[in-house]
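Please read the structure below before turning to the comments.
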Amino acid sequence: MKLNYKRTILVGFAFFLISAFWQAYDATIPVILTNKFGMSQTWSGVIMALDNILAVFMLPIFGALSDKCRSRHGRRTPFITIGTIVAAVMIMCLAFADNAQFKNIENVAQIDNPAALQIVYDAKSDTELMTPDGTKFILEDKLTKEEFAAIKSTDKYAEGEENLYTNYVVPARQSYISDVTAKNPANLFIFIAFLLAVLIAMAIFRSPAVALMPDVTLKPLRSKANAVINLMGTAGGIIVLVLGMVFATSAVKNSFMNYFTFYGVVAGLMITALVIFLLTVREVKWSKEQQAESLRLGLEEKTEEEGEKRGLTRGEKMSLVFILASIALWYIGYNAITSKYSVYAQRVLEMDYNSTLLLAQAAAIVSYLPAGMVASKIGRKKTIMAGVVMLACAFLGASFMRAGSPTLVMNIFFVLAGVAWATINVNSFPMVVEMCSGSDVGKYTGFYYTASMAAQIVTPMLSGLLMDNFGMTTLFPYATVFVALAFVTMSLVRHGDSRPAPKKDALEALDIED
């Protein structure tokens, strides 16, 4: 028996819409928080960590609830349906709250408007500010009101020297907007309320959506199925990145853009994917077929309803701990980049973040299936460790990039990071669920997400704190260190790799290892 690619792709539409949402969220929310509400990188990081704080508690809960659900539509489908609809509605509410805040700051939100810049100068000329590289300054000691108001976003003293707009206009305007928000915080509270609502909605169905793939896929085929699911997720992210380029969400001129149309298109994309999922996926039927086939091949001795479980040996428990530690460490490094790069690219690199991220996603897409094939030859552990080395090298190289550095070089680093992340991602989840019985897949899925989400709670705040106090250029060195640490913990893993098939004669036709 071979993997049913059509079924796996259809199941993958749930992951497609999840990835589409998070791509839009990670790219725009940090920009809104800093540009529209004047938040520091530290406080922006705190807000960006909210989804992970909620996920640590809610993903295991909803994963367990979906295990017990006996709806006529299946265990996972009701959660996917309700969560998607609520999330699509709430993301539109975020756009309304964002637009309301813009009206509060409209008099200084016009890019390169001399009158607006004079307002900022009058309010902040005697306030201590800080450039993106961490240098503190008083505005009036650097520029007169007229010089400040005349600065354009592309102005520089000379080639290779400091950017006046990035170093002085951006921090001064952000500080001014922070003061305005503090005096009238109602819109911020409303925005955060809608943000919490959309994050809760996403938490409702993330674990059920991921657990659905093992529910309908034979155990020996789950590595390859996971590659297909990740391809679907990456496709969702790429579509939103292309939308970001169409709407020019990363352009300096759109730092204060109205996100209503952009969010509307993203919400429409999510609903469209949900409709395709509901019209094509037959969860109950496919799950029963998978269980019957597993029993026939000897992959499971009892059905899930009979509750067959297998305890872990001491060695397996230690390996599980080291796998989860590795997951946490590489997510600390990787998520620091994904949650901060949109701001970093604008202020430090002065380049379009959408095109760079698009290349990384494209590289990941072409790497998922090869990564699964390589793992079938040399093992999941070795493949993951190779991916970790590539990811650390990509982030280390990016650490030396600055405004004016060749865009091609930065793109190469992100392509390498995309290949590396695909190599890690395809094989890490199967290593976790490899050690569990069929009835425990939801539980071990919770373990996987607890490790990754706990890491993502810490990293936006910690990386933001470092960027605020030591300059934005600490971002990539920070990510490099934590990814390198993941190599150490992964080297201590002894279980979770390929296992011999229980009935070799019956499984010889399978084209992926167990």
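Quick caveat, the model's predicted, so the values are computed rather than measured. Only heavy atoms go into these numbers, but all of them, side chains included; no hydrogens, no water, no symmetry mates.
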Original post:
Taking the six-membered ring for Trp, are Y368 and W421 ring centroids under 6.0 Å apart?
Top reply: no
Subject >> Any V31 side-chain heavy atom under 4.5 Å of Y259 side chain >> reply: yes
Subject >> Contact check, side chains of T234 and S19, non-hydrogen atoms, under 4.5 Å >> reply: no
Original post:
With a 4.5 Å heavy-atom cut-off, do F137 and L139 have their side chains touching?
Top reply: yes
Original post:
Does CH2 belonging to W22 count more than 12 external heavy atoms closer than 6.0 Å?
Top reply: yes
Original post:
Do R76 and S66 have a side chain donor and acceptor closer than 3.5 Å?
Top reply: yes
Original post:
Between the main-chain N or O of A455 and the side-chain N or O of T459, is there a donor-acceptor pair closer than 3.5 Å?
Top reply: no
Original post:
What about Y478 and F482, are their ring centers closer than 6.0 Å?
Top reply: yes
Subject >> Ring-ring centroid check Y444 F447, cutoff 6.0 Å >> reply: yes
Original post:
Is there a donor-acceptor pair under 3.5 Å between the side chain of N35 and the backbone N or O of S255?
Top reply: yes
Subject >> Any donor-acceptor N/O pair, R173 side chain to V108 backbone, under 3.5 Å >> reply: yes
Subject >> Polar side-chain atom of S175 near backbone of A172 as donor-acceptor pair, under 3.5 Å >> reply: no
Original post:
Nearest 0.5 Å, what's the NZ-CG distance between K124 and L129?
Top reply: 6.5 Å
**OP:** Please report the shortest heavy-atom distance between L358 and V242, naming the atom on each side.
**Re:** CD1-CG2, 4.2 Å
Subject >> Least distance between heavy atoms, T261 atom then F247 atom >> reply: CG2-CE2, 3.5 Å
Original post:
Donor-acceptor pair, N254 side chain versus A248 backbone, under 3.5 Å?
Top reply: yes
**OP:** With the side chain counted from C-beta on, respond yes when K340 and P30 share a heavy-atom pair under 4.5 Å apart, and no when they do not.
**Re:** no
**OP:** Keeping the roles fixed (side chain from T249, backbone from M245), state whether a donor-acceptor pair exists under 3.5 Å.
**Re:** no
Original post:
Do T450 and L59 have side-chain heavy atoms sitting under 4.5 Å apart?
Top reply: no
Original post:
Could you give the distance from CD1 (I192) to CZ (F37), rounded to the nearest 0.5 Å?
Top reply: 7.0 Å
Original post:
Among side-chain atoms of Y263 and T28, is any donor-acceptor pair under 3.5 angstrom?
Top reply: yes
**OP:** Rounded to the nearest 0.5 Å, what's the gap from CD1 on I61 to CD1 on I204? Could you check?
**Re:** 11.5 Å
**OP:** Report the C-alpha distance between M431 and M490 in whole Å, list the side-chain angles of each, state the deciding distance to 0.1 Å, and finish with yes or no for side chain to side chain contact (heavy atoms under 4.5 Å, CB included).
**Re:** CA-CA 11 Å; M431 283 196 78; M490 196 64 204; 3.6 Å; yes
**OP:** Assess whether side chain to side chain contact (heavy atoms under 4.5 Å, CB included) is satisfied between R206 and M453, documenting all intermediate values.
**Re:** CA-CA 12 Å; R206 194 185 310 187; M453 295 302 166; 2.2 Å; yes
Subject >> Donor-acceptor pair, side chain of Q23 and main chain of V240, under 3.5 angstrom >> reply: no
Original post:
When rounded to the nearest 0.5 angstrom, what is the spacing between CZ in R494 and CE in M318?
Top reply: 10.5 Å
**OP:** Specify the closest pair of heavy atoms between Q174 and T34, including all atoms of both residues, with the distance to one decimal.
**Re:** CG-O, 3.6 Å
**OP:** Check the pair M270, F21 against side chain to side chain contact (heavy atoms under 4.5 Å, CB included), reporting the backbone distance first and the verdict last.
**Re:** CA-CA 7 Å; M270 293 171 65; F21 169 86; 3.9 Å; yes
Original post:
Does F413 reach the side chain of M401, with side-chain heavy atoms less than 4.5 Å apart?
Top reply: yes
**OP:** Taking S491 for its side chain and V488 for its backbone only, find out whether a donor-acceptor pair lies under 3.5 Å.
**Re:** yes
**OP:** Determine, using ring centers only, whether Y344 and F476 are less than 6.0 Å apart.
**Re:** yes
**OP:** Find the distance between SG (C393) and CE (M390) and round it off to the nearest 0.5 Å.
**Re:** 9.5 Å
**OP:** Taking all heavy atoms of I229 and all of G12, pick out the closest pair and write down the distance.
**Re:** CD1-CA, 3.6 Å
Original post:
Are S326 and T489 close enough, and set up right, to give a side chain to side chain donor-acceptor pair (under 3.5 Å), and what steps lead you there?
Top reply: CA-CA 6 Å; S326 301; T489 54; 2.7 Å; yes
Original post:
What do you reckon, are the aromatic ring centroids of F256 and F102 less than 6.0 Å apart?
Top reply: no
Original post:
Within the distance-only criterion (no hydrogens, no angle test), does the side chain of S44 pair as donor or acceptor with the backbone N or O of S40 below 3.5 angstrom?
Top reply: no
Original post:
Is the gap between the ring centers of F414 and Y341 under 6.0 Å?
Top reply: yes
**OP:** In sequence, state the C-alpha distance, the side-chain angles, and the governing distance for K36 and N187, and then conclude on side chain to side chain contact (heavy atoms under 4.5 Å, CB included).
**Re:** CA-CA 10 Å; K36 300 280 186 68; N187 287 327; over 6 Å; no
**OP:** Work out which heavy atom in T84 is nearest to a heavy atom in L17; give both atom names and the distance.
**Re:** OG1-CD1, 3.4 Å
Original post:
Within the distance-only criterion (no hydrogens, no angle test), does the side chain of S319 pair as donor or acceptor with the backbone N or O of E316 below 3.5 angstrom?
Top reply: no
Original post:
Are any of the side-chain heavy atoms of P171 and T131 separated by less than 4.5 Å?
Top reply: no
Original post:
If we only count heavy atoms from C-beta on, is the M48 to I29 side-chain gap below 4.5 Å?
Top reply: yes
Original post:
Distance from I138 atom CD1 to T127 atom OG1, nearest 0.5 Å?
Top reply: 7.0 Å
Subject >> Minimum heavy-atom distance A87-A201, with the two atoms named >> reply: N-CB, 3.6 Å
